[in-house]
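Source: prediction; values computed, not measured. Throughout, a chain's letter reflects where its sequence line sits, starting with A, and its residues are numbered from 1.
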Protein chains: 2
Amino acid sequence: MTRASLTREEVLLAAGSLVRRHGPAALTMRALAAELGTAVTSIYWHVGNRESLLDALVERTVEELGEIEPRGHTPAARVMSVARTLRRELRTRPHLIAMVHERGLTERMFLPAQQALVHEMHAAGLRGARAAQAVRAVQFQVVGYVLVERNRERAPLQRPAEEELWHAAAAEQDPALARALGTPVDQDRLFDDSVKALVAGLLVDPRA
Amino acid sequence: MTRASLTREEVLLAAGSLVRRHGPAALTMRALAAELGTAVTSIYWHVGNRESLLDALVERTVEELGEIEPRGHTPAARVMSVARTLRRELRTRPHLIAMVHERGLTERMFLPAQQALVHEMHAAGLRGARAAQAVRAVQFQVVGYVLVERNRERAPLQRPAEEELWHAAAAEQDPALARALGTPVDQDRLFDDSVKALVAGLLVDPRA
DNA sequence: ACCTGAACACCGTTCAAGT
DNA sequence: ACCTGAACACCGTTCAAGT
């Protein structure tokens with residue numbers, strides 16, 4: 001199996017596939033060369049070095065995070081839909097999220113979403129610094145949630161923690177609370193509830 | 001300079017100091033051995049290998065995150081104080097936070113705080129599954145915020161993003177909003193505002 | 001029980017030499 | 001313009017040999 005000639009695009013595709021399948025640690029220059037059927041050093045001609053190869057993958061991911069189309073009849077509902085879309089998009093690229101996070105580019109990735117949020121907060125009647133703060137609060141909330149959630153999913157057993165919590169709750173004499181804390185988190189519902197609560201808190205009339 | 005004999009404690013202290021000063025990447029077995037004035041292989045006898053050395057450091061950090069003492073006159077105020085304490089504690093150990101996060105132990109680290117939150121939510125009148133959900137919402141919010149915040153601080157210049165946002169806001173004909181979004185985030189205030197908004201949203205009477 | 005140096009199998013990267 | 005293999009300076013880890 002011969003190749004016409006190696007291209008930068010081929011390198012990026014193979015590297016992206018490797019990362020998506022096995023994570024960034026599996027992306028060694030030697031493994032990538034083997035996958036491409038070339039000498040290790042050829043890769044350097046096309047992408048410089050490993051660091052800038054990863055940069056290029058991250059850049060591509062940021063671009064792929066397409067336009068956001070808010071849906072719903074109220075600003076609060078549309079903010080929810082933006083938040084849900086973001087979360088869904090992020091969850092399909094776990095390794096690449098982590099890489100974007102490591103590189104400190106989370107914010108840039110969220111730019112389209114931020115613009116949608118600006119629009120919705122304005123529609124909800126928020127103005128000036130207060131609207132800006134609300135946009136940022138939702139942004140931090142969603143990004144943070146996805147980071148924590150991913151952390152949870154990778155986490156090893158955390159039984160002792162859950163057990164102890166259970167006891168703390170039992171001490172409050174609230175068996176329903178204790179039971180709820182002993183149950184695994186329903187992450188979809190917790191996400192919805194949290195964002196809804198935050199948005200409700202943000203949209204409260206400050207003169208009320 | 002001779003030593004009586006190398007101890008596990010010495011190894012952990014030197015390793016912790018290295019990580020605190022220069023991050024986990026700087027913790028190579030050879031560098032650590034040089035710091036300790038021993039052969040590289042001696043370290044293996046005391047801590048097994050690099051992975052379990054890092055595990056031990058993380059474990060120690062989790063333990064150091066001491067008891068939480070909620071302050072304030074209302075449940076909402078005490079939840080805020082728990083959130084602020086957590087954030088402060090986490091911010092003084094940036095590299096170690098990242099390591100705890102990588103290992104998926106964030107939740108275990110938050111156990112004492114969770115117990116305090118259970119108490120406060122109960123005091124605020126929340127019961128059963130709803131109280132559990134509120135505890136978790138605050139936990140996710142605080143952890144997520146600190147992760148995002150740390151990401152922001154490590155981030156390179158993100159000027160293009162800020163500029164574009166500024167324009168999006170200008171399109172809404174709200175110069176004050178545009179100005180606010182062009183200004184760097186006041187992270188202390190955003191944290192307070194976000195947690196306050198979330199707690200307000202969570203404590204709203206559902207029958208209202 | 002504790003420490004050692006040599007050796008192994010991996011890395012990313014450079015570079016002179018090829019076509 | 002593009003590709004190559006050899007070589008370099010790093011890794012973490014194993015192990016037989018010392019005391």
Side-chain angles (χ1 to χ4, degrees), chain A residues 1-60 95-96 98-100 102-104 154 156, chain B residues 1-60 95-96 98-100 102-104 154 156:
Chain A
M1 181 116 34
T2 50
R3 55 172 60 261
S5 82
L6 190 61
T7 63
R8 180 184 160 85
E9 183 61 25
E10 270 181 301
V11 174
L12 289 181
L13 284 176
S17 151
L18 251 172
V19 169
R20 241 170 279 119
R21 279 177 294 151
H22 304 115
L27 178 60
T28 70
M29 301 306 264
R30 282 167 174 86
L32 182 54
E35 187 108 341
L36 288 165
T38 55
V40 186
T41 42
S42 303
I43 300 169
Y44 283 82
W45 199 91
H46 290 284
V47 297
N49 56 27
R50 184 173 185 272
E51 197 59 18
S52 53
L53 169 56
L54 291 176
D55 284 345
L57 289 181
V58 163
E59 189 62 32
R60 188 161 285 202
H95 292 304
L96 284 162
M99 285 169 57
V100 171
E102 274 161 28
R103 273 140 217 277
R154 278 184 312 169
Chain B
M1 186 128 13
T2 50
R3 56 171 60 261
S5 82
L6 190 61
T7 64
R8 180 183 160 86
E9 183 61 25
E10 269 181 302
V11 174
L12 288 181
L13 284 177
S17 151
L18 252 171
V19 169
R20 242 171 278 118
R21 280 177 293 152
H22 304 115
L27 179 60
T28 70
M29 301 305 266
R30 282 167 174 87
L32 183 55
E35 186 107 341
L36 288 165
T38 55
V40 186
T41 42
S42 302
I43 299 169
Y44 283 82
W45 198 92
H46 289 284
V47 297
N49 55 27
R50 185 173 184 273
E51 197 57 20
S52 53
L53 170 55
L54 291 176
D55 284 345
L57 289 181
V58 164
E59 189 60 32
R60 188 161 285 202
H95 292 304
L96 285 162
M99 285 170 57
V100 172
E102 275 160 28
R103 273 140 216 278
R154 277 184 312 168

Next item on the list: Identify, between Ala31(B) and Arg30(A), the residue whose nearest nucleotide on DNA chain D lies closer to the 5' end.
Entry: Arg30(A)
Next item on the list: Tell me which residues in residues 14-28 of chain A put a heavy atom below 4.0 Å from DNA chain C, sorted by number, or none.
Entry: Leu27(A), Thr28(A)
Item checked: Residues that Arg60(A) engages under salt bridge (Lys or Arg N to Asp or Glu O under 4.0 Å), provided they are two or more places apart -> Glu9(A)
Notebook entry, point to check: So which pairs with a foot in residues 37-49 of chain A pass salt bridge (charged side-chain N to carboxylate O under 4.0 Å, His left out), sequence neighbours left out?
Noted result: none
Next item on the list: Mind checking side-chain hydrogen bond (donor to acceptor under 3.5 Å, both in side chains) for Ser52(A) and listing every partner two or more places apart, or none if nothing turns up?
Entry: Asn49(A)
Next item on the list: Let me see the working for Met99(A) and Leu96(A) under side-chain contact (heavy atoms from CB on, under 4.5 Å), right down to the final yes or no.
Entry: CA-CA 5 Å; Met99(A) 285 169 57; Leu96(A) 284 162; 4.1 Å; yes
Notebook entry, point to check: Pairing of DNA chain C as dot-bracket, 5' to 3': ( ) intra-strand, [ ] crossing, | other strand, . unpaired, with Watson-Crick or G-U pairs under 3.5 Å?
Noted result: ||.|||||...|||||.||
Check: Any side-chain heavy-atom pair from Leu12(A) and Leu53(A) closer than 4.5 angstrom?
Finding: yes
Check: Which residue pairs satisfy the side-chain hydrogen bond (donor to acceptor under 3.5 Å, both in side chains) criterion with at least one member in residues 19-32 of chain B, sequence neighbours excluded?
Finding: Ser17(B)-Arg21(B), Arg21(B)-Glu35(B)
Notebook entry, point to check: Say you draw a straight line from CG of Leu13(A) to CG of Leu57(A); how long is it, rounded to the nearest 0.5 Å?
Noted result: 9.5 Å
Next item on the list: Look at the side chain of His46(A) and the backbone N and O of Val11(A), then say whether any donor-acceptor pair between them is shorter than 3.5 Å.
Entry: no
Next item on the list: Find the distance Met29(A):CE to dC11(D):P and express it as a whole number of Å.
Entry: 19 Å
Next item on the list: Provide the full list of salt bridge (charged side-chain N to carboxylate O under 4.0 Å, His left out) pairs with a residue in residues 40-51 of chain A, sequence neighbours left out, each pair given once.
Entry: Glu51(A)-Arg103(A)
Checklist line | side chain to side chain contact (heavy atoms under 4.5 Å, CB included) partners for Ala34(A), two or more places apart | finding: none
Check: What are the residues of residues 42-55 of chain A, sorted by number, that bring a heavy atom to within less than 4.0 Å of DNA chain D?
Finding: Ser42(A), Trp45(A), His46(A)
